[in-house]
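As the structure lists them, so they are numbered: ligands from 1, and atoms in each ligand from 1. What you see below is based on every heavy atom in this structure, not just the backbone, and it leaves out hydrogens, waters and symmetry mates.
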Amino acid sequence: MDSLTITRPDDWHLHLRDGAALTAVLHFTARQFARAIAMPNLRPPVTTAAQAVAYRERILAALPREGTGSGFQPLMTLYLTDNTTAEEIERAKAAGVVAVKLYPAGATTNSDAGVTDIRKTYAALEALQRQGMLLLVHGEVTEGEIDVFDREAVFIERVMQPLRADFPELKVVFEHITTKEAAEYVAGSCRHTAATVTPQHLLYNRNSIFMGGLRPHYYCLPVLKREVHRQALIRAATSGSPKFFLGTDSAPHAAQLKENSVCGAGCFTAPAALELYAEAFEAAGALDKLEAFASFYGPDFYGLSRNTGTVTLKREPWPLPETYPFGDATIKPLRAGETLNWRLQ
Ligand code: DOR
Ligand code: ZN
């Protein structure tokens, strides 16, 4: 197969940032995807319905006026804190916000204002469940005694299982799963539980972070895991189960800040997101499963309509640029300077 035409996909987990960074990265996503879940971990975070509405306006204003990508639709989220009220959730629902993001405090980039104890958010979660909005979860515990490679598996026991028991009707997306434990947990849980899977966690294991030296562009959170976990994610994503769908977690950081004594977490995959997924699915002999993963299961779980247009990938080697402009700085995509075998037309 040298050409693959699929229904236009959506990205169910994306960091778009704000200001000049937003303008620099948005077009990469808008040209491939019809919609994307815009993560709320800005500085300061998007914690109110009014802030989400204003952020949506800034995203729409940064889109190309006409042509490819002009019809892109951002789907907005709120950043859950210990103090999020049920009333704020109701205002968010009325404003068209579709989901709320749980960041355990200290788990990742801009998570300082995140949740310190899930029980503090129960009034907000009850409101979410009542309103039929989704809870999107960064599933890692943050306790210092838990090894960074075990944080997702421990999260399942300590947070996910009690949460599911207490809110059985709440739709929960376990974001960017990275382990066999998470894949098995989601596959075996109720129909209101699903997961997103990133391209980097399908393509790489943790060796990539250390290949011939420390590779900051392969560092994201949750961090890449052992090969046995990557294989479990491949099986889940290509299984045809509607519980697993596309969410890139493309997370832009300036190259100067990635290649630094302290490197921010995040892989910038937006410029070739679909191509990277196609590579992973092809290597698993499952290109025929890509369309449902990329374009059907996400909207089905969110209760939204599937897209109507199509996109076409061709087998055509092309070099991914080394850098792209990023406001006053530059940014390096994952696989910068390397040849990709699939190309979006
Ligand atoms: O690698 C990551 N980058 N993981 C996250 O959870 C946040 C993200 C970011 O915002 O840079
Ligand atoms: Zn993310």
Return a yes/no value for C267: is any of its N or O atoms, backbone included, closer than 3.5 angstrom to an N or O of ligand 1?
no
By atom name, which N, O or S atom of D249 is the nearest to the Zn ion (ligand 2)?
OD1
Under-4.0 Å salt bridge between R151 and E140
no
Test: E87 and R91 ion pair at under 4.0 Å:
no
May I ask you to check if any N/O/S atom from H176 comes under 2.8 Å of the Zn ion (ligand 2)?
no
Any N/O/S atom of E175 sitting less than 2.8 Å from the Zn ion (ligand 2), backbone or side chain?
no
Ranking K101, E140, H15 by closest non-hydrogen atom to atom 8 (C) of ligand 1, top hit is H15
Within the 4.0 Å heavy-atom cut-off, what R17 brings close to ligand 1 is side chain
Nearest protein heavy atom with distance in Å, relative to atom 6 (O) of ligand 1:
T108 OG1, 3.1 Å
Backbone or side-chain N or O of P222 under 3.5 Å from ligand 1 N or O
no
Heavy atom of M39, distance to ligand 1 below 4.0 Å
no
Just do the side-chain hydrogen bond (donor to acceptor under 3.5 Å, both in side chains) check on T7 and N307 with the steps written out, would you?
CA-CA 7 Å; T7 302; N307 298 318; over 6 Å; no
Can you name the closest pair of heavy atoms from D300 and R306 and give their distance?
OD2-NH2, 2.7 Å
Atom name of the N, O or S atom in H13 that lies nearest to the Zn ion (ligand 2)
NE2
Does F326 have its ring centroid less than 6.0 Å away from the ring centroid of F268?
no
What atoms in ligand 1 come closer than 4.0 Å to a heavy atom of C220?
1 (O)
Cationic tip of R8 above F33 ring, under 6.0 Å, 45° of axis:
no
Step by step, work out the side-chain hydrogen bond (donor to acceptor under 3.5 Å, both in side chains) result for T312 and T5.
CA-CA 4 Å; T312 297; T5 296; 2.8 Å; yes
Heavy-atom contacts with N41 under 4.0 Å: which atoms of ligand 1 show up? List them by number with element.
9 (C), 10 (O)
So, W12 versus Y302, ring centres under 6.0 angstrom or not?
yes
